[in-house]
> 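Structure incoming, see below.
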2 protein chains.
Amino acid sequence: MSGTLYGLGVGPGDPELITVKALRLLRSAPVLAYPAPETGDSLARSIVADLLPGGQEEVPIRFPLKVERFPAQEVYDRAAIILGRHLDAGRDVAVLCEGDPFFYGSFIFLFARMAEAHTVEVVPGVSSLTACAAMLEAPLATRNEVLTVVPGPLGDPELKTHLSSGSSIAIIKVGRHFRRIRDLLQDLGLGERARYVEHATMASQKILPLDRVDPDGVPYFSMILVRDPMVRWA
Amino acid sequence: MSGTLYGLGVGPGDPELITVKALRLLRSAPVLAYPAPETGDSLARSIVADLLPGGQEEVPIRFPLKVERFPAQEVYDRAAIILGRHLDAGRDVAVLCEGDPFFYGSFIFLFARMAEAHTVEVVPGVSSLTACAAMLEAPLATRNEVLTVVPGPLGDPELKTHLSSGSSIAIIKVGRHFRRIRDLLQDLGLGERARYVEHATMASQKILPLDRVDPDGVPYFSMILVRDPMVRWA
C-alpha cells in the first residue's frame, strides 16, 4: 500500500487556528515535510512546533537564499523524489503549508509534480486573506461586492487597473514592493481606505495605516486591504 | 463586566474543518446564536451539532422564507438587541458562521450593528473558497495570478467583464443564477475550464462539469471555479 501525500493548511500563524483535521493528520503522519530557508527555522513548522508529538521523521525543503520570489524548480524536483520514496514505502507524508495549501501556496509546485503518480489529499486551512480581515476587524466583502486578490509584484499598469475597479482589494506578497504600492494607492486617492497588516495572528503582528509603515521593513508575509468606500473601518 | 461577541467561523461543512480556537470558544460560550430558516434546522448549527457539550442557551436568528437574497434589516436589528442584552449581563455570545465570518458572511450585518457598543472578536475560519479548491484538487491561484471572487447575482455585463479578465475566478452564490452563468461561460469559451461544486466538504458534496449540472437544483451554497488555461485540472 502506498502512502498518501497530505497538503496540510496549518493556518495563518496562531497555532490555535489550525483545523481539528489538520491537527489529527499532523500528529499521526510518520513523515513531515515543510519549506524552510537555507539555514534556520521553517515558518510553517514553527506554527505547529508545540503541537508535535515527537518521533516523526522530518524533511525540510530548503530554498537557497538567492531564490526569493519564484519557485526553484530543482528544489521541488528533488523534494518530489524524496517524498515519493516515502510514499512508495507506504509512509504517509504531511506537508505543512502556511495558511491554505492552494491559496498561493508553495505546495502547488509539489502537487503539480506528484498528483499524477501518488494519492494526494489537500486539507484546506484558514488563509491569510480571512485572517487579515479578522485582525483588521473589517469585512472582506459582502452582498454582491467583488473581491480581487492582487499580487504586489505585478507591474504598475496592471495594479492600477485592479485598484481602480471599485472592487474590494487584497494586495498580497507586498514585501519590497510596498513603497510603489503605497504611492500608487495615494495617487488614486485610496490611501485612506487602505490598511496594512503584517504577520496576521502571530505574536509579531502589526496593523498600520500606510503612512506609518517603514517601507524598508516590510516582510513577504504582509497584506494591504482596500475597502469599498461605503464600508466603515471598525 | 460585559460579555464578548464572538463571530466564529465554523468552516465549510466538514465538522473536522473547524479550528481548535473556534471549537474551544464554541464549547465554552454560555450563549450560542446562529442564522436559521423560518422553520427547521440551521446549517451553521448542524455543522457543529456533534461538538456541543449541551446546556448552552441557544438563540436562532430566524429569517422569514420570503427573504431570500438580501439581509432582512429587521431580523438583524432584533437579533442585535437580544444578543446585546446577553452581553450587557456579562454573558459571552458565540455566533456560528458557515465558512469565515467576514467572507460574505451574514455575521457582517450583526457586526455592523454591534461593534461600536460591544467587544467583538472575529475568529477566522476555513472559507468555502479554499474548501472548494481543495475538493476540486485544483489550486486557486499561484505566483502572480490575480484571483477574483464574483457573486453570481451580478448582471451579465459585469459578470462578463470579470470572466474575460484572464484572472482565476470563483463565482459564488450561484443558486438560481446557474443557467445564465453557464451560458455566459460557454459563450466566452470558458466552459471547459470551469468546474461546479456544491456543499463542499459536506456529505452531500457534488462536483460536476457545467453541462452535467441540473440548473433547477442548484443551491445557494454552490460555486464555480474558472482557472487560467495554463493550469491543468487534476
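Lettering of chains follows the sequences in order, A, B, ..., and the numbering in each one begins at 1.
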> A/Val146 and B/Glu158: which non-hydrogen atoms are nearest, and at how many Å?
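Shortest heavy-atom contact: CG2-OE2, 4.3 Å.
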> For B/Ile18, is it the side chain, the backbone, both or neither that has a heavy atom under 4.5 Å from a heavy atom of chain A?
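Its backbone and side chain both get close to chain A.
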> Looking at A/Ala141, A/Ala133, A/Ala170, which makes the most heavy-atom pairs under 4.5 Å with chain B?
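Ranked by contacts with chain B, first place is A/Ala141.
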> Roughly how far, to the nearest 0.5 Å, is the CG atom of A/Leu129 from the CG atom of B/Leu129?
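The distance works out to 7.5 Å.
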> Considering non-hydrogen atoms only, spot the tightest contact between A/Leu23 and B/Val20 and give its length.
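Reported closest heavy-atom pair: CD2-CG2, 4.0 Å.
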> What's the separation between atom CG in B/Asn144 and atom CG in A/Leu154, rounded to the nearest 0.5 Å?
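Interatomic distance, B/Asn144 CG to A/Leu154 CG, rounded to 0.5 Å: 5.0 Å.
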> Which atom pair, heavy atoms only, marks the closest approach of A/Pro124 to B/Ala134?
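It is CD-CB, 3.8 Å.
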> Apply side chain to side chain contact (heavy atoms under 4.5 Å, CB included) to A/Val149 and B/Glu145, showing your working.
CA-CA 9 Å; A/Val149 182; B/Glu145 293 172 11; over 6 Å; no
> Considering all heavy atoms of both residues, which atom of A/Thr130 and which atom of B/Gly125 are nearest to each other, and what is their separation?
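Answer, listing the atom of A/Thr130 first, then B/Gly125: OG1-O, 3.7 Å.
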> Let's go through A/Leu147 and B/Thr148 carefully: what are the C-alpha distance in whole Å and the side-chain angles of both, what is the deciding distance for side chain to side chain contact (heavy atoms under 4.5 Å, CB included) to 0.1 Å, and is it a yes or a no?
CA-CA 6 Å; A/Leu147 168 66; B/Thr148 308; over 6 Å; no
> Check B/Arg143 against A/Lys173 and note the closest heavy-atom contact, atom names and distance.
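Taking every non-hydrogen atom into account, O-NZ, 2.7 Å.
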> Minimum heavy-atom separation for A/Pro139 to B/Phe111, with atom names?
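So the two residues come closest at CD-CE2, 4.4 Å.
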> Could I get the full list of salt bridge (charged side-chain N to carboxylate O under 4.0 Å, His left out) partners for A/Glu121, not counting sequence neighbours?
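By the salt bridge (charged side-chain N to carboxylate O under 4.0 Å, His left out) rule, A/Glu121 matches A/Lys21.
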> Most heavy-atom pairs under 4.5 angstrom with chain A, which of B/Ser165, B/Gly7, B/Pro151?
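Between B/Ser165, B/Gly7, B/Pro151, the count favours B/Pro151.
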> Could you check if a side-chain atom of A/Tyr104 sits within less than 4.5 angstrom of a side-chain atom of B/Leu140, using non-hydrogen atoms only?
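With C-beta onward as the side chain, the pair stays apart.
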> Can you tell me how far the OG1 atom of A/Thr142 sits from the CD1 atom of B/Ile108, to the nearest 0.5 Å?
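If I round to the nearest 0.5 Å, the distance is 4.0 Å.
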> Not counting sequence neighbours, list each pair that qualifies as a salt bridge (Lys or Arg N to Asp or Glu O under 4.0 Å) and has a residue in residues 2-17 of chain A.
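Counting only pairs at least two positions apart or across chains, the salt bridge (Lys or Arg N to Asp or Glu O under 4.0 Å) contacts touching residues 2-17 of chain A are A/Glu16-B/Arg24.
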